[in-house]
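I have a structure I would like to understand better, so I am pasting it below and will then ask my questions one at a time.
Just so you know, these numbers come straight off a predicted model, no measurement behind them.
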Amino acid sequence: QVQLVESGGGLVQAGGSLRLSCAASGRTFSNYAMGWFRQAPGKEREFVARISRTGGRTVYADSVKGRFTISRDGRKNTVSLQMNSLKPEDTAVYYCAADSDSGDYSSAGSYDYWGQGTQVTVSS
């Protein structure tokens, strides 16, 4: 089992920044690629970003590319999402997730463990 706990969400004005963190505990953190997803009201959960087990590779959704940065700290067992130039359409509950076997990185079904989510609200 892997336990994931997100933090850092909140209310921010358009153009502002937030940094989300996800603390992992349980099994070896380095065994998992980590991803961030988000879900807005009435919409399906969508892929945001992913980082490989070693941190050497990252991939982003087109909608956040150039604005968001995913990173991980193996010593602290954390994964972070730095979000800049936020837009109202970024408003959603953000979830971090762990993937043990490198499935389809953009599919929520590929991920084995999920956090409880943290709300991000961007006002216009």
Side-chain angles (χ1 to χ4, degrees):
Q1 287 286 336
V2 174
Q3 292 78 43
L4 303 172
V5 179
E6 301 97 335
S7 61
L11 173 65
V12 64
Q13 288 188 331
S17 298
L18 280 175
R19 185 177 181 87
L20 306 183
S21 292
C22 174
S25 61
R27 295 188 176 179
T28 305
F29 183 61
S30 61
N31 287 345
Y32 297 87
M34 300 298 296
W36 285 95
F37 285 74
R38 65 187 182 186
Q39 188 166 17
K43 295 188 177 181
E44 293 188 354
R45 193 167 296 190
E46 66 172 356
F47 170 76
V48 174
R50 177 184 170 105
I51 189 166
S52 64
R53 292 176 175 82
T54 63
R57 288 188 302 164
T58 58
V59 62
Y60 298 91
D62 287 344
S63 58
V64 307
K65 201 173 294 182
R67 300 188 297 123
F68 291 10
T69 303
I70 188 171
S71 60
R72 66 190 294 162
D73 185 331
R75 291 176 297 178
K76 297 181 179 179
N77 286 0
T78 58
V79 60
S80 297
L81 186 69
Q82 177 66 43
M83 305 186 296
N84 299 328
S85 302
L86 283 161
K87 304 175 182 180
E89 51 263 45
D90 294 319
T91 295
V93 177
Y94 283 70
Y95 299 89
C96 75
D99 176 12
S100 63
D101 63 1
S102 298
D104 177 359
Y105 67 85
S106 66
S107 171
S110 295
Y111 292 77
D112 305 291
Y113 302 101
W114 292 83
Q116 83 288 350
T118 186
Q119 177 70 47
V120 171
T121 303
V122 184
S123 63
S124 57

Exercise for the section: Following the transitive rule for hydrophobic clusters with a side-chain heavy-atom cut-off under 4.5 Å over Ile, Leu, Val, Met, Phe, Trp and Tyr, establish whether M34 and Y60 coincide in one cluster. Expected result: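 Cluster IDs for M34 and Y60 match.
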Exercise for the section: Check whether V93 and V48 end up in the same hydrophobic cluster, where Ile, Leu, Val, Met, Phe, Trp and Tyr are linked by side-chain heavy atoms less than 4.5 Å apart. Expected result: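 V93 and V48: separate clusters.
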Problem - Nearest heavy-atom neighbours spanning L86 and R67 - result: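 Between these two residues, the closest heavy atoms are CA-NH1, 3.8 Å.
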Practice task
Determine whether D99 and D112 make a side-chain contact, defined as any pair of heavy atoms from C-beta on separated by less than 4.5 Å.
Solution key: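 D99 reaches D112 side chain to side chain.
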Problem - Within 6.0 angstrom of R19 CZ, more than 12 heavy atoms from elsewhere - result: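 Above 12, so yes.
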Exercise for the section: Give a yes or no on whether the backbone of A23 and the side-chain of T78 come within a donor-acceptor separation of less than 3.5 Å. Expected result: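 Judged by distance alone, no pair lies under 3.5 Å.
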Exercise for the section: Over all heavy atoms of both residues, which pair between A24 and L4 is shortest? Give the atoms and the distance, please. Expected result: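 Scanning both residues completely, I find the closest heavy atoms to be CB-CD2, 3.6 Å.
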Practice task
Find out whether M83 and W36 are in side-chain contact, i.e. whether some heavy atom of one side chain is under 4.5 Å from a heavy atom of the other.
Solution key: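 Counting from C-beta outward, M83 and W36 never come under 4.5 Å.
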Practice task
Measure the CD1-SG distance between I70 and C96 for me, rounded to the nearest 0.5 Å.
Solution key: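 Going from CD1 on I70 over to SG on C96, the span is 9.0 Å.
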Exercise for the section: Look at the side-chain heavy atoms of Ile, Leu, Val, Met, Phe, Trp and Tyr, link any pair under 4.5 Å apart, and say whether Y95 and L18 land in one connected group. Expected result: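 No.
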Practice task
Locate the shortest heavy-atom distance separating A92 from A40; write the atom from each residue and the value.
Solution key: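 In terms of heavy atoms, the two residues are closest at CB-N, 3.8 Å.
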Exercise for the section: Work out which heavy atom in S123 is nearest to a heavy atom in L11; give both atom names and the distance. Expected result: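 Taking S123 first and L11 second, the nearest heavy atoms are CB-CD1, 4.4 Å.
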Exercise for the section: Spell out, as yes or no, whether a donor-acceptor pair under 3.5 Å connects the side chain of S107 to the backbone of G109. Expected result: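 Yes, the answer is positive, given that a donor and an acceptor are paired below the 3.5 Å cut-off.
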Problem - Whether E6 side chain and L20 backbone form a donor-acceptor pair below 3.5 Å - result: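 Answer holds: no.
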Problem - Atom of R38, atom of Y94 and distance for their closest heavy-atom approach - result: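 Scanning both residues, the minimum pair turns out to be NH1-OH, 2.9 Å.
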Exercise for the section: Using modelled atom types only, decide if a donor and an acceptor are shared between the side chain of T118 and the backbone of S7 within a distance under 3.5 Å. Expected result: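 Side chain of T118 to backbone of S7, a donor-acceptor pair under 3.5 Å: no, none is there.
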Problem - disulfide bond (SG atoms under 2.5 Å apart) pairs, two or more places apart, involving residues 35-91 - result: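 Non-adjacent pairs meeting disulfide bond (SG atoms under 2.5 Å apart): zero.
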Handout entry: Residue pair D90, K87: steps toward the salt bridge (charged side-chain N to carboxylate O under 4.0 Å, His left out) verdict
Key = CA-CA 5 Å; D90 294 319; K87 304 175 182 180; over 6 Å; no
Practice task
To the nearest 0.5 Å, tell me how far D73 CG sits from S80 OG.
Solution key: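 Answer rounded to 0.5 Å: 8.0 Å.
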Practice task
Drop me the distance from S30's OG to R72's CZ, to the nearest 0.5 angstrom.
Solution key: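 Rounded to the nearest 0.5 Å, the OG-CZ separation comes out at 7.5 Å.
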Practice task
Could I get the full list of ring-ring contact (aromatic ring centres under 6.0 Å, His included) partners for F47, not counting sequence neighbours?
Solution key: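 Counting only residues at least two positions away or on another chain, F47 forms a ring-ring contact (aromatic ring centres under 6.0 Å, His included) with F37, Y105.
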Practice task
Nearest 0.5 Å please: distance from the CG atom of N31 over to the OG atom of S100.
Solution key: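 Interatomic distance, N31 CG to S100 OG, rounded to 0.5 Å: 8.5 Å.
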Problem - Q119 side chain near T91 side chain, heavy-atom distance below 4.5 Å - result: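 A side-chain contact under 4.5 Å exists here.
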Exercise for the section: For S110 and D104, work out which heavy atoms get closest and say how close. Expected result: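 Result for this residue pair: OG-O, 3.0 Å.
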Exercise for the section: State yes or no: do F29 and Y111 share one hydrophobic cluster built from I, L, V, M, F, W and Y residues joined by side-chain heavy-atom distances below 4.5 Å, directly or via other members? Expected result: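 Different clusters: F29 never reaches Y111 through Ile, Leu, Val, Met, Phe, Trp or Tyr contacts under 4.5 Å.
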